[in-house]
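Here's the structure we're looking at; comments come further down.
Just so you know, these numbers use all the heavy atoms, side chains as well, and skip hydrogens, waters and symmetry mates. Per chain, numbering begins at 1; letters A, B, ... match sequence-line order.
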There are 2 protein chains.
Amino acid sequence: MDQSIIPDIIVGRIPLYLRELTRMAEEGKVITSSHELGRRLGISSAQIRKDLSQFGEFGKQGTGYNISFLVEQLRRVLKVNKVWNVVLVGVGDLGRAIAHYTGFLDRGFRITKVYDSDTQKIGQRVGDFTIRDVTLMVNEIRREKIRVAMLAVPASDAQSVTDLLVEAGIRAILCYAPVSINVPEKVKILYIDPVLHLQHMTYYLP
Amino acid sequence: MDQSIIPDIIVGRIPLYLRELTRMAEEGKVITSSHELGRRLGISSAQIRKDLSQFGEFGKQGTGYNISFLVEQLRRVLKVNKVWNVVLVGVGDLGRAIAHYTGFLDRGFRITKVYDSDTQKIGQRVGDFTIRDVTLMVNEIRREKIRVAMLAVPASDAQSVTDLLVEAGIRAILCYAPVSINVPEKVKILYIDPVLHLQHMTYYLP
DNA sequence: TAGATTGTTAATCGATTAACAATC
DNA sequence: TAGATTGTTAATCGATTAACAATC
């Protein structure tokens, strides 16, 4: 493993490998191979071996990979061998669904605060949370040194709320608003827009 | 424009261009350039010109692109100059949020049927829909020749429900279950798993 | 040992960028 | 005309795959 930077496209596949390996572990499997993992994911075995080798030597020739060991290593690589506190901003229908989702915790994330700007909603409960006033957000994120945010506000508010998150010290944003946002270099942002995926697929339909 | 197949990675960027151009049109802009569009999307102008040129000659030297014309052309390319009927399967919190979402229609999609297997939910309303029994699904999709599905069922049901969708004639699936699904070659499937994105970003955090 | 599979190198393949003639 | 921007070609850059020695 050399010291050069690891390509982002490879980093982006590691969570996928981790997810499938976790699934295999749940199925009771103990050992796997780059071939088996590749077949399950639709990825070539060569690519999987090359990707994993960027981060260490995790396998044994002739045998393959010990699944629980590899899971542990990939969780360490991705820094999800701890739990990140996350704020959720925006409690519309989608924010509500995110707040109720129970699949974050065992994959490294825990929502700890939920914000909205609607005075009708502030103080109401959503799942385990009380909806907080977004005007408190910057100070609270700062005080609790939170680094990760999920953004489920209307597109028209996404840039201004993002600016606040960045000001508060957030360094990773998952944005559900269907709009491109500007952030400083040091801040990571990724997007979820289901319609982009649907339009990508309809290109291929007759 | 030659007759060879257009790389999928290019096809996947067209919806993004379309989204930003639509936004520009809403802002009242009439003309844009590959430079301006690239700046707004964080993409090089060369790449945008190259991508667009795969599908036709949409611009004018010295002037740039007429936004509404380009929007119209890209909608045609992506086949969203019509509205696709879509079925939604699974009415948990996430399915409920999807059913309420109003952002599909003007981007080429309309949910027409919503299914679940839970007898407690069947017959209840969600947004404008009555939740239907999933056992009716295959026949109804066939009868109405629906080609696009959104899947918001538990991971444990995702493969079996997908098999039904494929059997019914669905050709494009947007899967929200955090699990890799097997589909025949002719069927397109894309995934949304927010945790994959979060883990991708935490790799870069200190 | 025989068979299997890794990690890595080199070769191939594909995507992005730079540069510029054409032209609005 | 002068300035700007496209569409395209060639060069560069980066990602994937094939192949295999090492070795379990």
Side-chain angles (χ1 to χ4, degrees), chain A residues 1-18 20-21 24 29-74 77 200 203, chain B residues 1-18 20-21 24 29-74 77 200 203:
Chain A
M1 168 175 162
D2 73 18
Q3 195 44 34
S4 65
I5 210 173
I6 291 165
D8 183 67
I9 197 163
I10 294 181
V11 175
R13 282 191 294 259
I14 303 300
L16 190 62
Y17 299 166
L18 175 57
E20 195 66 27
L21 289 161
M24 287 177 169
K29 298 184 73 71
V30 174
I31 298 283
T32 190
S33 65
S34 58
H35 256 88
E36 183 180 44
L37 183 56
R39 187 173 36 70
R40 291 177 62 133
L41 293 173
I43 290 178
S44 78
S45 61
Q47 180 162 86
I48 286 172
R49 290 198 302 281
K50 190 127 212 280
D51 286 355
L52 294 177
S53 74
Q54 301 288 315
F55 303 98
E57 302 192 0
F58 302 133
K60 276 205 181 67
Q61 285 103 322
T63 306
Y65 300 92
N66 177 296
I67 292 171
S68 64
F69 175 75
L70 187 50
V71 163
E72 186 185 3
Q73 295 305 309
L74 296 187
V77 163
H200 185 168
Y203 172 81
Chain B
M1 168 178 165
D2 73 19
Q3 196 42 31
S4 66
I5 210 170
I6 291 164
D8 184 67
I9 198 163
I10 294 181
V11 175
R13 282 192 293 261
I14 302 300
L16 191 62
Y17 300 165
L18 175 57
E20 195 65 26
L21 289 161
M24 287 177 170
K29 297 184 73 72
V30 174
I31 297 284
T32 190
S33 65
S34 59
H35 257 88
E36 183 181 44
L37 183 55
R39 188 173 37 69
R40 291 177 63 135
L41 293 173
I43 290 178
S44 79
S45 61
Q47 178 161 89
I48 286 172
R49 291 198 302 281
K50 190 125 211 284
D51 286 356
L52 294 177
S53 75
Q54 301 288 315
F55 303 97
E57 303 192 0
F58 303 134
K60 275 205 181 66
Q61 284 105 322
T63 307
Y65 301 91
N66 178 296
I67 292 171
S68 63
F69 174 75
L70 187 50
V71 163
E72 185 187 1
Q73 295 305 308
L74 296 186
V77 163
H200 185 168
Y203 172 82

Task: Candidates A:I10, A:I9, A:D8 - the one meeting side-chain contact (heavy atoms from CB on, under 4.5 Å) with A:I6 - done: A:I10

Task: Interatomic distance where CD belongs to A:E57 and P belongs to D:dT23 [whole Å] - done: 10 Å

TODO: Could you run through DNA chain D and flag its stems, i.e. three or more consecutive Watson-Crick or G-U pairs with both distances under 3.5 Å?
DONE: C:3-24 with D:3-24

Open item on the list: I need the A:I48 CD1 to A:S33 OG distance, nearest 0.5 Å.
Closed with: 9.0 Å

Task: Separation of atom CG in A:D51 from atom P in D:dG14, rounded to whole Å - done: 17 Å

- [ ] Specify the closest pair of heavy atoms between A:P15 and B:H200, including all atoms of both residues, with the distance to one decimal.
- [x] CG-N, 3.8 Å

- [ ] Grab the CZ-P distance between B:F58 and D:dG7 for me, whole Å please.
- [x] 9 Å

Task: Listed nucleotide nearest any side-chain atom of B:S53, set D:dT8, C:dC24, C:dT6 - done: D:dT8

- [ ] Would you mind telling me which of C:dT16, C:dT9, D:dA22 lies closest to the side-chain atoms of A:K50?
- [x] C:dT9

Task: Side-chain touch B:Y65/B:L21, heavy atoms, less than 4.5 angstrom - done: no

Task: Atom-pair distance (CG on A:L52; P on D:dT16), nearest Å - done: 14 Å

- [ ] Please state how far atom CD in B:Q54 lies from atom C1' in D:dG7, giving the value in whole angstrom units.
- [x] 11 Å

Open item on the list: With a 4.0 Å limit, can you tell me whether A:Q61 has a side-chain N or O closer than that to the phosphate oxygens OP1/OP2 of D:dA22?
Closed with: no

TODO: Look at the side-chain N and O atoms of A:Y65 and state whether any lies under 4.0 Å from the OP1 or OP2 oxygen of C:dA4.
DONE: no

Task: Separation of atom CD1 in A:I43 from atom P in D:dA15, rounded to whole Å - done: 15 Å

- [ ] Using the closest heavy atom to pick a nucleotide of DNA chain D for each, name whichever of A:I10 or A:T63 lands nearer the 5' end.
- [x] A:I10

Task: Closest to side chain of A:R49, choosing from C:dC20, C:dC24, C:dG7 - done: C:dG7

TODO: To the nearest Å, give me how far apart CD (B:Q47) and P (D:dT6) are.
DONE: 15 Å

Open item on the list: Can you confirm whether B:R49 sits close enough to B:S45 that some side-chain heavy atom of one is under 4.5 Å from a side-chain heavy atom of the other?
Closed with: yes

- [ ] Would you check if A:L52 and A:L74 make a side-chain contact, meaning some heavy-atom pair closer than 4.5 Å?
- [x] yes

- [ ] Specify the residue among B:G62 and A:D8 whose closest nucleotide of DNA chain D lies further upstream toward the 5′ end.
- [x] B:G62

- [ ] Would you tell me if any nitrogen or oxygen in the side chain of A:R13 comes within less than 4.0 Å of OP1 or OP2 on D:dA15?
- [x] no

TODO: Rounded to the nearest angstrom, tell me the gap between atom CD1 in B:I9 and atom C1' in C:dG14.
DONE: 9 Å

TODO: Check whether any side-chain heavy atom of B:D51 lies under 4.5 Å from a side-chain heavy atom of B:I43, and answer yes or no.
DONE: no

Open item on the list: Please report the interatomic distance OG(A:S68) to NZ(A:K29), rounded to the nearest 0.5 Å.
Closed with: 13.5 Å

- [ ] Tell me which residues in residues 30-42 of chain A put a heavy atom below 4.0 Å from DNA chain D, sorted by number, or none.
- [x] none

TODO: Map A:G64 and B:P7 onto DNA chain C by nearest heavy atom, then report which one ends up closer to the 5' terminus.
DONE: A:G64

TODO: Evaluate the side-chain contact (heavy atoms from CB on, under 4.5 Å) criterion for residues A:V30 and A:I67: first the C-alpha distance (whole Å), next the side-chain angles of each, then the deciding distance (0.1 Å), finally the verdict.
DONE: CA-CA 6 Å; A:V30 174; A:I67 292 171; 5.8 Å; no

Task: Interatomic spacing from OH in A:Y17 to CZ in A:F55 - rounded to 0.5 Å - done: 9.5 Å

